[in-house]
Amino acid sequence: MNALRTYVGIDLGSTTTKAIVLDDAGEVIGRGITNSRSNYDVACQVVREEAMVRTRFTLTRQAITGDPALAQVEKAFLSSLQRNFRFRQHLDQLARLREALFRAAGDPRHSAHRRELGTALESIVDGMVERAGLHFSELAVRKSDFFRDLATADYMQLAEQRSDPRGITFDMLCGLFDAAILVVENATTQGSFETQLRGALEPTLASASLAVQEKASRLREVVETTCDAQIVEAGTVGTGYGRQRLPFPKEQIRSEILCHGLGAHAMFPASRTVLDIGGQDTKAIQVDGDGLVVSFQMNDRCAAGCGRYLGYIADEMNLGLHELGPLAQQSTSRVKINSTCTVFAGAELRERLSLGQRREDIVAGLHRAIILRAMSLLARSGGVRDEFTFTGGVARNPAAVDALRQLVQENYGERTLNISADSIYTGALGAALFARRAAQTNA
Amino acid sequence: MTAASPSPRVPAEAGKERSMSLQKQMIAGHYSALSRAPQEGRKVVYTFVPGNLTELLRSFDLLPVLPEINALQSGMRKLSGDYIAEAEKHGHSEDVCTYVKCDIGMLKKGNIGPTGERLPPPDLLLLSYTGCFTFMKWFELLRQEYDCPVAMLHVPYQSEGRILPHHVEYIVQQLRTEVIPKLEAVSGRRYDEDRLREMLRLSAQAEDDLVWVLESAKHVPSPIDAYFGGVYYIGPMFTAFRGTAEGVAYYRVLREEVEARLRAGLGPLTPEGSQGKERYRLVMEGPPNWTSFREFWKMFYDEGAVVVASSYTKVGGLYDGGFRHDPKRPLETLAEYCMGCYTNLGLPTRVALLERYIREYRADGFMINSIKSCNSFSVGQLLMLRQLEQSTGVPGGFIESDLVDPRYFSAANIKNRIESYLQMLEQKRIGVNA
Amino acid sequence: MSPELVSLIQRAQELNDDFELTAVRAWKEAGAGRKAIGHMPIYVPRELIHAAGMLPVGIVGAGERLEIIRGDAYFQSYICHIPRSTIELALSHRLDVLDGMLFPSICDVIRNLSGMWTMLFPDRYVRYVDLPQNFEPATGGVYWRRELETLREDFARLSGRPINDDALRHSIAVYNENRSTICELYRARSRQPWVYPTSEVYVLVRAANVLPPEDHTALLREYLRLAPLETDRRDRDQSRVVLVGTFCEQPPLGLLLTLERAGCWVVDDDLLLGLRWIMGDISCDGDPLQALVEAFLTRSVETAARYLPEGKHGGALVDSVRRNRAEGVIFCAPSFCDPALLEQPMLVAALDREGIPHTQFKYSEDTGQFAVIREQAGTFSDSIRLWSQA
């Protein structure tokens, strides 16, 4: 088998880091996402490995679909294989977490409680291992794909049950976890793909339907081949807010504005105006017919009106971020909010609630206020042209989308509004496309 | 408003430039004269860069102090943060101009100037009220601190882009009835118009050379950076040395150096030596940030960006528009000089000037550094941006910072924007297939 | 409240709240060829506009109710709010009814706004009115007269009728009466702030922005007649304060109500200061243009936007505190307002020298939240009363 040439784009955002892998034809064959952590190098490495794993799954799928004999079993087999793979990865991480927890517990501070602590940690991690099976069962709906999120939720719940205000306190357990999870996250090797995939293969086959089992030997062959496949990174480009800290040479770093424009163009080739509202900043970008940026504006120094603001509001209301939009959509009489200053968000919210204003009406006003800020940036960058593509975390919020749609219609007329479910990968996609261009031009 | 730093870290190659050491000596000499002024019985006048009347002051043997320069020097020396905090502690709002707060904070902490010598208190505050509302409040505030007279010179704003005869008359009348009598009283000397004429003649001579230097940037590639380097070039002209033989000599030397650079095909001089390949030619609107001046500059020269023309280097006089101090009409020429300073011009005039720069200097782009402290510059810049993009077809960049408030310079943020902007220009140039 | 008083206040309130400037439109439609000239705070010679048969219209932003959709695109976050809402009004065609716009020299924001106006509305009459900062008749006086002559010519051209001296003298008299009525109302409020609460006085005075001066004077006279007839308006134990910093961007009415509810009687203020810029009557004899010049040079109020040639700042404020028997001063400036905020330390120093208590906070015309201000004003009011009893 010839080596597969790939082009990788990595987008180091303030909250999440994303990677996209393209093949020679420019098709997306792998992608990854992880939380950015404090260590950009690690995030970059983790996300790249993740994307490469997905790439190998893509190769596996391609091999299976390419084989007429296997076409029937493709779907069932692949999803089960992936689930088992993730499960094994998760167990690996838990093993590492266990080790890190015990190391942290070895600190002299805890010498008085060493034995009780050991027992408690054992039973908590055992509980986590037990739950792991549930997270990766066929019907499970996981709240997050990040190990940190899953582990934190499980650990905290179990730790609360195990803690004793007079002995091993909850605070003590939390402290240990905070130290240990950092160690796990900052470990760069997540285990070898081959070992894990091979490890996942047998349980998958064992629990599979007869139809699949009949093809077991052929499937083993396919998996072996993909495990051994040679993948070459023919080009890599890094982008995003943290791109300066990527361990890349300068010419492999592109501004997120350019990557975003090109990525949006790849997703929706008729895009002319792109709005991105992320956690830390908002960007309004105008692109030409080739996806090249002709003008852009970013929010000023003040982060008011960015995605983070909605996060504060959600925290203040004790809601999940994803619940805010639907709440706002229930509003019947929107409150006019003039300030989207994050510093005063909490106080303003409390005062309004104390005045008897309804939560949904306030939240609807907040969404409108954020979109008005974005409208100003759009105007500064040259307006809203057709087609109009909306990306970033806030693009997943239905109330924000409603407000945007309405204001664009009122101020610029009819515009096609594009929102991709994968919009979080826009920057990484653009970066990968730049990597591909550069490599193909040089070649 | 200029950056004639008395003791910058002199890089190897820059050390060769005579003009730099010359300027350093001139400025050190000036501050030293200021520190000795009380003992030697010399009188000191505080005034502003835009609309400064240096020749007139010098004709009375008065020594000028420019609080804006002290503030920017404090910014470059990383002292401004403490000074601003001091002023805010005394009740000055966080919302207002940081030059003012830096100056007042410096005063409250003993008025030690940039060279480490104590600045003498003013014998007169010459409020050349030109192009900036804050100037008026600034000297009203200083008047509270020093028990000294103030001479107010109200320079009408040029909203319509042309100097009206009765505006000249108004200023000349103020010079005759308000400014000159107070200068006479403070200095104990009579107004000597012949002396003033002679100084104006020297000014015009130096102005010719300054304009030549600034316009050398029309060459592709440019031998100078007209913004980061430009703030050094305008130093003597905008501060204490107009109308002096030293000023004339400085600009002659500077011109010769730039001529030599041009002949040798050298790029602009930066703190790290001559700038390499010129990749982007930019026009810059707005003052620079002083607290991170070097870092800010580096963001440009590292990318091969050269500023070929800037509006900031016109705040103390718009000489490349043709104006020269005219010894034949001494007071009228001062009036016209004041009215023509950049921040005293209406927005349409400013847009037209930048448009001309973009065309004549063959710029690839223009960038606006929007300064929180300076409403005179900043209000309307977003409209100017749009207007310029439309009329020139050249894309504009927009960044925000402050003069001397270190809290308002976010390096990562600004670098991100500058890079994005330059990469956009690059993409535009090479097109889709690169 | 009597139905008459209710409807009077309501009428004024509606005039203030009407972004569409219906009253101005109606006035223009009532006569052939009528024109209206808008102006920003602070002082413009409204007499000249009036004498040309045109209506001066005061534009002071749009308060907290107008949603800013386009205006923010033009201004960085560190600029005050009034230019945002003013541009919003203009871009949404609500100011199309104005045949011209004057921008007096209050600060660099309004100054540059004049240039923006020129660029955005190239076919409209726009003028930056650079008020003299030299107050000598032979210098600032001569300059100002030339500027006024230009305005006089401009207005004559716009209205299509020359402004003769008699007409100007008449207009001066009309505005003298309007100013003296406002001042009478201010004196009445100072004597009995519970009879003439600031939240009403402000609403009525502000109607001057859109009403012809004759009508506005009549409106105030009616209020002066009706308010004392209210029998349930009684003195409450509240602190008497002077409000400073509100001469340009206006605080929302809710802020003024909050101050009253927090225990403060506002007995003097600089709200809409331009309406009473000239202290006392302007002469109706002799050369009327010269009378305008003389009044500006010698009888302008002391305020942040004007140069104070000599003496210490705050003299006029201390006088006001004494004259109105105020117990304290509330500095209430718009965020990012250069004139008010740069002036404030000087005024504070003057008050401290006299031992006059003061407090300070900032607002924006679209501030919707008053909890902090209520708390602060309430504490201030309590503390100055405790202090005065001690």
Side-chain angles (χ1 to χ4, degrees), chain A residues 12 14 237-245 250-251 253-262 265-266 269 276 280-281 283-303 376-383 427 430-431 433-434 436-442, chain B residues 94 279 289 295 298-299 302-304 365-373 378 380-390 392-402 405 407-434:
Chain A
L12 212 41
S14 57
V237 163
T239 187
Y241 193 76
R243 66 179 183 275
Q244 296 306 335
R245 281 178 265 186
K250 199 169 147 97
E251 53 285 2
I253 305 225
R254 284 299 157 99
S255 99
E256 74 248 41
I257 299 279
L258 257 61
C259 291
H260 227 86
L262 191 58
H265 169 76
D276 177 74
Q280 298 280 29
D281 57 23
K283 313 184 254 282
I285 307 172
Q286 308 289 343
V287 294
D288 67 12
D290 296 315
L292 300 186
V293 176
V294 292
S295 140
F296 71 91
Q297 285 285 321
M298 295 169 82
N299 59 296
D300 50 35
R301 190 178 161 282
C302 166
S376 290
L377 285 184
L378 285 164
R380 288 180 194 178
S381 76
L433 287 166
F434 275 121
R436 180 167 161 269
R437 274 183 191 183
Q440 293 182 342
T441 312
N442 292 337
Chain B
E94 69 204 49
R279 296 179 63 211
N289 162 276
E295 192 181 359
K298 192 171 163 58
M299 291 176 193
D302 273 356
E303 302 292 329
F366 68 95
M367 188 165 270
I368 295 175
N369 184 30
S370 166
I371 293 286
K372 172 181 182 261
S373 273
S378 302
Q381 279 175 332
L382 286 159
L383 180 60
M384 290 169 68
L385 175 90
R386 198 185 285 188
Q387 201 92 359
L388 281 168
E389 282 185 333
Q390 272 166 17
T392 63
V394 165
F398 194 81
I399 50 179
E400 285 184 67
S401 65
D402 189 47
D405 191 341
R407 296 168 296 188
Y408 213 84
F409 185 86
S410 162
N413 207 313
I414 290 172
K415 192 170 162 62
N416 187 9
R417 272 154 224 232
I418 292 173
E419 275 184 15
S420 300
Y421 177 71
L422 295 177
Q423 288 183 13
M424 176 179 90
L425 293 185
E426 177 76 4
Q427 276 296 317
K428 201 180 152 189
R429 178 152 52 196
I430 59 186
V432 66
N433 291 316

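Residue numbers begin at 1 in each chain, while the letters A, B, ... track the order of the sequences. For the numbers below, each heavy atom of this structure counts, side chains included, while hydrogens, waters and symmetry mates do not.
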Checklist entry - Between F296(A) and R417(B), which heavy-atom pair has the shortest distance, and what is it? => result CZ-O, 3.9 Å
Next on the checklist: So, taking the atom named CE in M298(A) and the one named CG in N413(B), what distance separates them when rounded to the nearest 0.5 Å?
Outcome noted: 6.5 Å
Checklist entry - For chain A, which residues from residues 381-388 of chain B have at least one heavy atom closer than 4.5 Å to it? => result L382(B), L385(B), R386(B)
Checklist outcome for this item: Closest heavy-atom pair, S420(B) versus L258(A), reported as atoms and distance to 0.1 Å, is O-CD1, 3.9 Å
Checklist entry - Taking atom CZ of R429(B) and atom CG of L292(A), what is their separation to the nearest 0.5 Å? => result 13.5 Å
Next on the checklist: Please check if the number of heavy atoms outside E426(B) that lie under 6.0 Å from its CD is greater than 12.
Outcome noted: yes
Next on the checklist: Looking at Q423(B) and S255(A), would you say the former's side chain and the latter's main chain have a donor-acceptor pair under 3.5 Å?
Outcome noted: yes
Checklist entry - What part of I253(A) is in contact with chain B, defined as an atom under 4.5 angstrom from a non-hydrogen atom: side chain, backbone, both or neither? => result backbone
Next on the checklist: Are D288(A) and K428(B) packed together at the side-chain level, in the sense that at least one heavy-atom pair is separated by less than 4.5 angstrom?
Outcome noted: no
Next on the checklist: Which residues pass the salt bridge (charged side-chain N to carboxylate O under 4.0 Å, His left out) test with E419(B), not counting sequence neighbours?
Outcome noted: R243(A), K415(B)
